[in-house]
Structure formats: structure tokens, C-alpha cells
Amino acid sequence: MRKLVVIDGNSVAYRAFFALPALSNSSGLHTGAVYGMTTMLLRLIEEEKPTHFLAAFDAGKVTFRHSQYGEYKGGRQKTPPELSEQFPVIRNLIEAMGIRQFELEGYEADDIIGTITKLAEQDDVQAVVVTGDKDMLQLASERVTIALTRKGVSEIERFDPAHIREVYNLAPDQIRDLKGLMGDASDNIPGVPGVGEKTALKLLHEYGTVEQVLAHVDELKGKLRENIANHADDARMSKELATIFREVPMEADWDALRFAGPDKPKLAELFRKLEFRSLIDKLDLGGGAGAEPAESDEQEEALEVVRVTADRLGDLVKRLGEVKAFAAEVTGDNPHTGDVHGLTFLAGQTAYYVPFGLLASDEASALREWLADPEIPKITHDAHRTEVALHWRGLPLRGVAFCTMLAGYLLDPTEAGHTLGLLARKYECGSVPENEDVYGKGAKFKVPDEQTLAAFGARRALAISRLESKLSELLKQNGMESLYHELELPLSGRLAAMETTGVRVDAGALEAYGEELKQSIARLEKDIYELAGTEFNIGSTKQLGEILFDKLKLPVVKKTKTGYSTDAEVLEKLEPYHDIVKHILHYRQLTKLQSTYIEGLLKEVRPETGKIHTYYQQTIAATGRLSSQFPNLQNIPIRLEEGRKIRRVFVPSEPGWVILAADYSQIELRVLAHISGDEGLKEAFRTGLDVHTKTAMDVFGVSEDQVDANMRRQAKAVNFGIVYGISGFGLSRNLDISPKEAEAFIKQYYETFPGVRAYMDNIVATAREQGYVTTLLNRRRYLPEIKASNFNLRSFAERTAMNTPIQGTAADIIKLAMVKIADRLESEGLSSRMLLTVHDELVFEVPPDELETMKRLVPEVMESALELDVPLKVDVSWGDNWYEAK
DNA sequence: ACCATCACG
DNA sequence: ACGTACGTGATGGTA
């Protein structure tokens, strides 16, 4: 006798997901539903001994039921991401189990199951349907049993027609009628209002079917009669929706469905990945023929995890000399406001977890001294963040000798992230969960108990220690040792110091400016409403588009994928058509200032100090630049006067001091001159002429006094374009000229500076050959897409190949200058403080008696940070605030 | 969560 | 013929 088991894949997965606790493996993959599914499949194989096995899944989102009833399954909760991520794994599991899976576009699993069971009946095959969905009971027959999951998936109740009769006193076919009357909230099937299971059963026992109930509605009384009479159509439609379609175009290929048991090696590998250790043992999958040896982390298993208490601190203190690595539990995106929960120290085979409370207590002074001692080398992950977070708790961190995050970044700056979990996996140094998996995120954020933190810390510390040896070797192989040890690592401490120092902001002045803006915005708003003839949300691009293009019939210049484009470029083109446009542009400008720079900055001012403390991300930008967050102080307005005024509120934190700003002049073009070796471009910088004017002279073949403003503007655009990895189209858009004309400019430029063209050609060829490009200090960026056949991807990679060495070398230079300046300030005992860095600019606060020294020292160090074939030039300025330092 | 927009170098 | 400038972060609106 052939016996088929059919699983309702989606239904059972949901059941398993909600029934089981939120399990996850050490790499953070949720595994609850997979685990539930696994135990259930194993039990089915054991108990049912199927000769044929099929798992049916829903395909696509729209089925024919939606065309019958638009609201079908409407209002259903979105699948939780913790479950969605498990579906692919469930598919792998089923495959490894040796079970055939099936789905068909436009049909639900129900329909596939309805059809296969019908075919089973025809071919004399015994079938068991496993599902959580009671609707399926309608399929029960002599040959078809429905196994409903109970208590999640741990129990199964089998329904044959006799059992259905016992429980409901209905025939299987009448289940459809039951649903038709009572509806089903989970599928958004309406049914008849006021009719639940009890009433529906009573009616069906009396009349048999929905149609008969409707025919005898006159015999009913009161509200029930009224409801049924009014919702007769709903009842008929509901029944139809609940009816499983059994004519899906598919064939009964019993050979294809034959079940020969699990693919053991595959299953073993999957279980190892999922960390279902008990199942590996239970199924004896551990070392069977064909199975790979179990990947057990012996070192991790041998690790002793100690939760340090006050009376056991001595054990750790005695072994501080042996500490190989430490891991800090820091949570929160912003380390200035985040929490430190504890530190784990790895000494030999022991991981000591010290909760923060203990670390901060009198008893733990030896630990704090160890952390603060610059002479004791320390290895950790994300030293920069840790140092900032510890600083605010009065704990200095010095002597960081290796940071695995920074190393991971240098080895491949374009990776999606450099968390310890990602690095450990990538470099095969154990598996470490992400913070998100340990602490949760958003509303679910919760600090777990100390035991969990200790176990987590132990794994982190072990991974850090393993990564250190691997990554330092790789840095050496890549020739990045000095980039790492002499530039990035020292910089990380300098950044932490700048950030914790912070920059004073005159909050009163900021608020006052906000008041002014508020008035202007209100006036603009009124004007705009008047000109539009209606009030609307000007901030909504959708509503604005409707006003401009539907109501006022302005020409559509550009579209976005979601509708009309209304960006500044479009609005500038529309200015001549309607007065409203310039008001909108002005409104945009002022609301940007108000929301991002007035309100945004005010939120970040610490009331205790009146300062803003940004956080520089050292491991984000693919080119080696820094980025600035909470708030971003690298995009404070300067180009337009109204915005530039914001800079007035950035003031010295000590009375009488001044703000001093020093910026590299044309650093990227100078770098280009150096690395391309182009004689003409080098000459341009040696003459000391304005480089854009000089470019205009050379490209247009005119003398200095013949260069007009327009020629200089065009030359400047070409220079920018060159740095960005030029294309005729890009330049044409920027200059608002035709691509043809732009091409001509570029051709002319390349003829004038042939060395630049040679560089561009060479760097792209180099990228193609070696797969990456480098900066002067050997920073590296991989460009795998340089070989893509897709034109877009490849072109992008080519422009990146041209740009990254330039932008990245400029970043190398200013970073080097920062480290050198910080060293000088220290060695010369100056009290001036480095506060900010904005890609090619450094900002300091300076006491009056050091101003002369700093005016000399800062440019001197910046200009000599790295010797190029062209001079580096730095402009210095100072004043009472950042605005005045121009 | 994603998009469009806009601030900076 | 393809369809774009390089690198970031914050905001408000919308789905």
C-alpha cells in the first residue's frame, strides 16, 4: 500500500514559529520554526512511515481567490522577519530530508493539497495531510486523513470522516458550509455577523448546507434571521472562498514523490550550521560515512567563563599580565550616550566577565589602572567606540595595540559592516552573535541577564584574540602595517579625544536664529498657499507635485520612480513659469536650516557642558575618509549666506579663546598632479596661480587676463569632473551644456594634460588586473565590478577606480596631519585643542597666547604631512567663531 | 523601512 | 547602445 504524507508548508511553519521560543544560532539566525519543523518531520517519518512525501507551499502573493474577493487575507499581519528569514532554511531542510516540494504560481498550498489528495484517491494511495488549518478537514475521506497540529506542532490530532462526525457531527464536505456561515478572521472571510461556531453548527445540523439555510431563512427568528437574510451573499461567497480548489493543473507523478529517507550528509551539514547538536547525536549524523567531521569549536567549549564578583577580583588581577584580549559590552548607536554593561578579559582558557558596576567600584582600581596604562598593550574590537563610552564613565582607555574592527576595515573597506560577528565568520575565527541578537533592537531592546552577557563576552573575547593574529598577518601581507599602526590606530585615539572634548555651541544664538527663520518660513508658507490657491503640505513632494504639475500645469522636466521630481534642479528650470517656484525654493532652503541645523543641532547640545560631541566613524567610507554622526558636523552650511550664519554659533569653550580653521587648498587636484605626474598640472600648482584659472588658460589657450568668469567656471567643473572619474554626460549635466560640447571640453583637457589621461587609463587597467586600487599610503579598495559585463556596473567601477586613489590619498594626508598635530600639541605642551575635521579642514580652539604659534604650526605640519611632487598649500583663518574663521 | 531631498567636501 | 558624475548623514513624508 502506498502512503503519501503531504505537509502544508506555510501553515506548519507559522505554527512552529509561534509555538517555539525565539531560538537562534550563534550567528544570529533565528531557528525556532526550523527546529519545530525538523522535530515534526522526524516524527512523521517515524510514525507514518510514508512511501511518498510532499511539501506544498503557497506561491506568489495573488491567487485566484483575490480576484474573487479583493479583501481575501486582507488585514493579515505581515510575516515577522524572524520567520521570513527562516523560510529559505526550511526549504533546505525539506530538501535535505529527501522530501519533494511543490508550489505553483497563482495557487495556494491548500489547492495543491486538495488536488494531490484527489489524485491519491483515484490512484488508491493512502494520504495524510499535515496542517494547522481546519478548513482542510473538508478533504477527509476513506483514504485521506487530516492531521491537525495542536499546541504548535508538538501534538497531532488525526481526523478521518468518523472523527469529524464525532467532533462536529458534520460530513467533511460541510466544513465549507461551516466556514461560510461563521467566517474566518485569519483569512478575512466575512461569514455572517453574529454567527459563530455554535450557531453555525446548529443551523447546519438542521438544514445541511448554506444554500438550504438561506432557503429556510423564514423559519428563523429575530436578529439571526435578519443577519442571515442581509448577508446571504456574504455567506455564499464565504463558502466559495473556503472551498478548496481540487483541479489544479498538475499530474500525479508518484515516482517523483517517492520518499527514500533523508540525505544524511546534507542533513548533518545543515544541522551543524543551525547548531542542532542534540539532533546530530540523536540521528547519529556526527561521523557517519560521507559526513564531514563535526565542526566543534574545542577551544570555545573548553573556555571557562567566570562571572567576576568583588571577592574573586583578585583572581583576575593576578592574571592581568596574561590577558590576550578584552571585549566591552557597549550598546547604543551613539557611544557618547550609550551604555557599557561590562568587560570580558580573556586570560589563557578563562574569560572573566566584569560587570560595569564592579569595574567602577573601589575594589577594581587595579583593572582601571590596567586599562588606563598606555604602556600595557591591549587588543580589542572597536577601541574607538569603547574609549569614548568608557570616557564618559570616568574610565580612560590607553595603550590599544590592536583593534580588530579597524583591521577588518583596512583589509576591505567596502564590506557591509565590520562587526565582530561578521569578521569572525569571514576569517573563520569562531561564530559570534551580533549585538542585535543578544540585546534585540528598537522596542525589543533589552539587556540580558549577566550570565548571558558573560557567555557572549567570552565568545567575543576569544574571537578578538583569534582575529588579531590572523588580521595582523593579513595586514602585513598587504603592506598595510604602517598604515595601520602609524596612521589609523593612533588616529582612533585622537578622534576619541576630539569627540569627548566637543565643540561649544551658543544655544541661545541658535534659538534666536531659529525664531527669525520661523517668521520667514511662515511668510513664505502664506505666499505659497496664496499662489497655489489652496493650502497643502509643501514638504510633501507628492502634494507639491500635484500642485505644480496637475493644478498649475507646469512642464514636467524629470520624474522619479515614485512620481514627479521636484528637486532644486527641476525647480530652477521652472522658475520662469510661475512665481510660486522661487518661493518654494526659498521655503526649502529655510526649512532645511530650521529642521536639520537649528532643531537638529539643539537636540545634540549637552545641557551640562553646552557642547556638541560628534562621533567620527573611522570604518564607514570606502575611500578612507571619516564620516561624522550624532550630529554630522561635516555638512554644516557654508555655500549660501543664510546657512553659513549657522557657523556663528560654533564658539570657543573658554573665554577669550579663538576658533582657528586650516584647510588644504585644492588638495585633490594636487594629489592628482602628484600621482599622474602630469607636467602641465604640476606646473599649474608651482606657479601659484589659481588652478581653475590656469586650467582655463591652458585648455582655452588664452592668457590670464583673457579668462572670464564663465571660462573659469567651466574649467572648474572640468577639474571636478576629472576628480570624480569624468564622463561627458556627467559634465554636460553639471554645466547644462550638450554632451557633445562636454566631450569636446574633456578632449581638450586631456590634450592639455596628457599625463592625466594616461593616469586614468592606467588606473582602470590596474584595477582590472589586480582587482583593487590603492592610495599613496597603501589603503586599498577592491573593485570586483570592474570586470562586470553590465555596462552600468562596470562604468561605475571605472569611475571609482579613478576617484578612490585621489579622494583616498587626500584622506591619508589629512589623517596623517591630524596625528602629527596632536603629537605636537602634546609634546610642546600647548593647550590648544583640535576640535573638528571636515575632509580637508581642521578646526581648533586656541588660547590667545598660542594664536601666533598655532598660525605657524598647523599649516606647517599639514603642508609637510606627506611630501608630494607639488607643494601642499594650507589656508589658515581665525575668529571669535567658526563663521569668522573664514 | 524606503524614498526624495539637500547639506557638506 | 548602454546612462552617470565621487564620498557621506539627517530629515520629513509615505507605504
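Both backbone and side-chain heavy atoms feed into the values below; hydrogens, waters and symmetry mates do not. Lettering of chains follows the sequences in order, A, B, ..., and the numbering in each one begins at 1. Bear in mind that the values here come from a model prediction, so they are computed numbers and not experimental data.
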Quiz item: Counting side-chain heavy atoms from C-beta on, which of B:dG9, C:dA10, B:dA7 comes nearest to A:P637?
Solution: B:dA7
Quiz item: Quick one: is A:T566 getting a side-chain N or O under 4.0 Å of the B:dA4 phosphate, OP1 or OP2?
Solution: no
Self-check item: A:H586 NE2 to B:dC6 C1', straight-line distance once rounded to whole Å
Solution: 15 Å
Quiz item: Just checking A:A810: base, sugar-phosphate only, or nothing, at a heavy-atom cut-off of under 4.0 Å?
Solution: nothing
Quiz item: Just how far, in rounded Å, is C1' of B:dG9 from CG of A:N719?
Solution: 16 Å
Practice problem: Return the value, rounded to whole Å, for the distance between atom CG of A:L593 and atom P of C:dA10. | Solution: 17 Å
Quiz item: Who does C:dA1 pair with, Watson-Crick or G-U, both distances under 3.5 Å?
Solution: none
Practice problem: Using a 4.5 Å cut-off on heavy atoms from C-beta on, say whether the side chain of A:R647 contacts that of A:N881. | Solution: no
Practice problem: Look at all strands and tell whether A:N537 reaches a base, only sugar-phosphate, or nothing, counting heavy atoms closer than 4.0 Å. | Solution: sugar-phosphate
Quiz item: How many Å lie between NZ on A:K559 and P on B:dC3, as a whole number?
Solution: 18 Å
Quiz item: Only one of A:D812, A:T809, A:T623 forms a side-chain hydrogen bond (donor to acceptor under 3.5 Å, both in side chains) with A:T775, so which one is it?
Solution: A:D812
Quiz item: Can you find a side chain N or O atom of A:T562 that sits less than 4.0 Å from OP1 or OP2 on B:dA4?
Solution: yes
Quiz item: What is the base-pairing partner of C:dG12, counting Watson-Crick and G-U wobble geometry with both distances under 3.5 Å?
Solution: B:dC3
Quiz prompt | Whole-Å P distance, C:dA5 and B:dT5 | solution = 14 Å
Exercise. Dump the intermediate steps for salt bridge (charged side-chain N to carboxylate O under 4.0 Å, His left out) on A:R504 and A:E845, then the final yes or no.
Key: CA-CA 10 Å; A:R504 171 66 56 82; A:E845 59 182 5; over 6 Å; no
Exercise. Report the relative orientation of the aromatic rings in A:Y772 and A:Y782; use parallel for angles under 30°, tilted for 30 to 60°, perpendicular for over 60°.
Key: perpendicular
Practice problem: Have a look at A:T591 and say if it touches a base, only the backbone sugar-phosphate, or nothing, with a 4.0 Å heavy-atom cut-off. | Solution: nothing
Quiz item: Counting just side-chain N and O atoms, does A:S565 come under 4.0 Å of either OP1 or OP2 of B:dT5?
Solution: yes
Exercise. Hey, can you tell me if A:Y564 and A:F549 have their rings parallel, tilted or perpendicular (30° and 60° cut-offs)?
Key: tilted
Self-check item: Atom pair CZ (A:F729) and CD (A:E743), whose distance is rounded to the nearest 0.5 Å
Solution: 11.0 Å
Practice problem: Send over the distance from A:R588 CZ to C:dT11 P, rounded to a whole Å. | Solution: 17 Å
Quiz item: B:dC8 phosphate, OP1 or OP2: any side-chain N/O from A:R639 under 4.0 angstrom?
Solution: yes
Self-check item: Gap between atoms CD and P, on A:E641 and B:dA7 respectively (whole Å)
Solution: 15 Å
Self-check item: Residue pair A:R768, A:E798: steps toward the salt bridge (charged side-chain N to carboxylate O under 4.0 Å, His left out) verdict
Solution: CA-CA 9 Å; A:R768 209 169 287 142; A:E798 288 169 359; 3.2 Å; yes
Practice problem: Take nucleotides 2-8 of chain C nucleotide by nucleotide from the 5' end and write B, S or -, depending on whether a protein heavy atom sits under 4.0 Å from the base, only from the sugar-phosphate, or from neither. | Solution: BBBBBBS
Quiz item: In whole Å, what is the span from the CD atom of A:Q629 to the C1' atom of B:dA7?
Solution: 16 Å
Quiz prompt | Mutual orientation of the aromatic rings belonging to A:W882 and A:F650 [parallel < 30°, tilted 30-60°, perpendicular > 60°] | solution = perpendicular
Quiz item: How far, in whole Å, is C:dT4 from B:dA4 if one measures between their P atoms?
Solution: 13 Å
Quiz item: What integer distance in Å separates A:E604:CD from C:dT11:C1'?
Solution: 13 Å
